[in-house]
Amino acid sequence: MTTNNDKYEILVKIAKKRGIFWPAFEIYGGVAGFYEYGPVGVLIKRRIIDEWLRQVVYGRDGLVVEVDTPIITPRIVLKASGHEDNFTDPVTECLKCGRTFRADHLIEEKLGISAEGLPLDKMAEIMRQNNIRCPVCGGELTPPKPALLLFKTEIGPYKGSPAYLRPETAQGMFVSFKNVFNSMRNKLPLGIAQVGRVGRNEISPRQGLIRLREFTIIELEFFFDPEKQEEEVNKYMDEELLNEKMNIITADMKLNNIKKPREYSARELIEKGIVKTPWMAYWMAVGNKFLKNLGIPADRIRFDEKLPEERAHYSEQTFDQEVLTEKYGWVEVAGYSYRTTYDLSRHIKYSGADLTAFRKYDKPREKEVIKIKPNPVEIRKRFANKFSEIMKALASIPQEELINKIVRQGYIEVNGMRLDKELFFIKREKIKVHGEKFVPHVVEPSFGLERIFYVVLENSLKISSERTYLALTPRIAPYYVAVFPLVTGSKEEHQNIKNIAWAIYRGLLNSGIPAYYDEEGSIGRRYARADEIGIPYAVTVDYETLRNNTVTIRERDSRKQERIDIKDIYDYITGKIGFRKTWIEFLDKELNKA
RNA sequence: GCGGCGGUCGUCUAGCCUGGACUAGGACGCCGGCCCUCCAAGCCGGAGAUCCCGGGUUCAAAUCCCGGCCGCCGCACCA
């Protein structure tokens, strides 16, 4: 019997043996929280990214575009985003036993009051006043110090300006929003996606690929107009997405101690008001399909809504998407956050840039505007000797304030003098307004690539007494097809068989099919090696090939073989892997609709 | 970060307690050769080990002692 731990260990062994992944810096003893991808691993990783790009980014009716922005991020950006303040933990250390604790958690535990976000000196005071001591040994605690989880660096070699490695790629999308939005001709809704490396200086990373200090995020920021969200979702969400079933644990369910998820369709999530924006349901449905297409069974995927105190500082609503693993139980592979206007508003404030979109009204609206100007003749009449002083002071008062004071209260005070509305020209004017500026709202589906990579591998690994293989869904296999000569001896017909196999291999590579060639060891061993890295098909050239130009093609999981003509190999493989069937089915459906 | 346990070819391991005969042994895997009609076969040969790192004790350290690194488990942290 294979236990969970055995399975994990077999996976780790295969990963190292076959070049999939392993801990980084191994020859120097390794550094916790860093992993390396090997030659086969990079291919699988790339295929997963490609599938994400295809399904979540470029397959979304043109809603989403992609960018690539810097990893090193000036301090101001992460100050604006709130990370510099929120990505630190207040840590206190016991002077006696050396244990460290989160100061705010200790306060909450002892006093039952929320201490999250309090200034450090305030926390120190509370701890002193209430004589909070080490919960383990009762020793004295140091005042809380901030532990920053951002990697710090400097831009410029001498006296550089402070910078951090980005802890998420999202800020790249917010900071570049204006340029992307303009280049996409100012249209909403607009998704901006990015695949990129990030760094988080975790206190204690463990759990292999699940908790890393440097990893890859694939995420998108989806910008939309909150006033048009219903009609726009209706336009883009087809029946298939609306009917997508998901396992959900809502925050309400958690508060009522219900731990078993309920099944909801995306439509129900919207209609029952479980999601705070219908776009949340849209992206959750897309993400659910994405993971299923990577081979994760639907009953091993669930969404867990975070309670307010569990959410990141920027989020109005968060669902974690989790996958059940053998090794780690439920693992969060993606987070769906409703970031509202938080990030853009903060960058507007810190940078001064206009990061708004323009909402055109259906019809131009008539709007009354009031313009106020001082009436010099009247003012001189009333305040002859203060005239220039008054005029100067008035010039520096903004229009809104003039309107506010004069129209609403009937007068304005300037340098201690009361100026009544009779001293002003008040002009009321009707103008046509075509729309208004607003800050777009944002929903963010954010995936941890290494976690997806891990859950897919773990899920794909099949172990039996007979054999061990990776049942990767064909599209994310490192190679689509292996090519083998049945025999590799020195007789002339053996040589011919080898030559044909080699020619087929080269032909496939030349046609853009990721192919793999192996002639070492017995045919059985070669199948086994190919199976271990998840190659879904194997073409074998044998004696019959010499007679009639056919080869056998073997399917990895069933080990069934078919005999096909050499000329049909390309079509066979692209048919199995590829998009031809999808194209025909989809086109039929779409044309019938039209 | 704290506590417990551990670390020997790519992998699994023998040796460690009781220091020396260890040029660190074996198996699997890998590479080469032979064999050559389909699922990890067989035979022959080969390469492959900073005994995790640093220091100490000793005539002598894989082995004993100290510190560090890394891993696993628990706590804490993180999502």
Can you name the atoms? Protein N/O to nucleotides 46-52 of chain B N/O, anything below 3.5 Å, with the distance.
| residue | atom | partner | partner atom | Å |
| --- | --- | --- | --- | --- |
| B:rU50 | O4 | A:Ile27 | O | 3.0 |

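Using atom C1' as the reference point in both B:rG71 and B:rC52, the two lie 11 Å apart (nearest Å). Taking atom C1' on both B:rC77 and B:rC51, the two are 35 Å apart, rounded to the nearest angstrom. Separating the P atom of B:rC73 from that of B:rG20 is a span of 35 Å, rounded to the nearest Å. One P atom belongs to B:rA49, the other to B:rG10, and the distance between them is 7 Å to the nearest Å. Using atom P as the reference point in both B:rG7 and B:rC12, the two lie 12 Å apart (nearest Å).
Among residues two or more places apart in sequence or in another chain, the side-chain contact (heavy atoms from CB on, under 4.5 Å) test is passed with A:Ala471 by A:Lys462, A:Tyr469, A:Arg556, A:Asp557. In terms of the side-chain contact (heavy atoms from CB on, under 4.5 Å) criterion, residue partners of A:Asp571 (sequence neighbours excluded) are, by chain and number, A:Thr574, A:Arg580. Remark: A:Lys576 engages no residue in a side-chain hydrogen bond (donor to acceptor under 3.5 Å, both in side chains) (not counting sequence neighbours).
In this structure, CG of A:Leu11 is placed 15 Å from P of B:rU11, rounded to the nearest angstrom. The CD-P distance, from A:Glu9 to B:rG71, rounds to 15 Å in whole Å. Atom-to-atom, CD1 of A:Ile210 to C1' of B:rC72 comes out at 16 Å; the value is rounded to the nearest Å. Remark: P of B:rC77 and CG of A:Asn201 are 18 Å apart, rounded to the nearest angstrom.
At the heavy-atom level, A:Lys16 lies under 4.0 Å from the strands shown only through sugar-phosphate atoms.
Aromatic ring centres of A:Tyr35 and A:Phe215: separated by at least 6.0 Å. For A:His441 and A:Phe222, the ring centers are positioned 6.0 Å apart or more.
Base pairing of B:rC38 is not made with any nucleotide, judged by Watson-Crick or G-U wobble geometry with both donor-acceptor distances under 3.5 Å.
Two residues, A:Leu149 and A:Tyr35, neighbour RNA chain B, and the one matched to the more 5' nucleotide by heavy-atom proximity is A:Tyr35. Mapping A:Lys13 and A:Gly33 onto RNA chain B by nearest heavy atom places A:Lys13 at the nucleotide closer to the 5' end.
To the nearest 0.5 angstrom, A:Thr153 atom OG1 is 12.0 Å from A:Ile71 atom CD1.
For residues 513-524 of chain A, every residue pair satisfying the salt bridge (charged side-chain N to carboxylate O under 4.0 Å, His left out) rule, not counting sequence neighbours, is listed here: A:Lys498-A:Glu519, A:Asp518-A:Arg529.
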* Protein-to-nucleotide contact annotation, 5' to 3' order, nucleotides 34-45 of chain B [B base; S sugar-phosphate only; - none; under 4.0 Å, heavy atom] -> --BBBBBB----

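In this structure, A:Lys327 satisfies the cation-pi test against A:Tyr8, with its NZ or CZ atom closer than 6.0 Å to the six-membered ring centre and inside 45 degrees of the ring normal.
Put simply, the side chain of A:Glu168 never gets that close to the backbone of A:Glu219: no donor and acceptor are under 3.5 Å apart.
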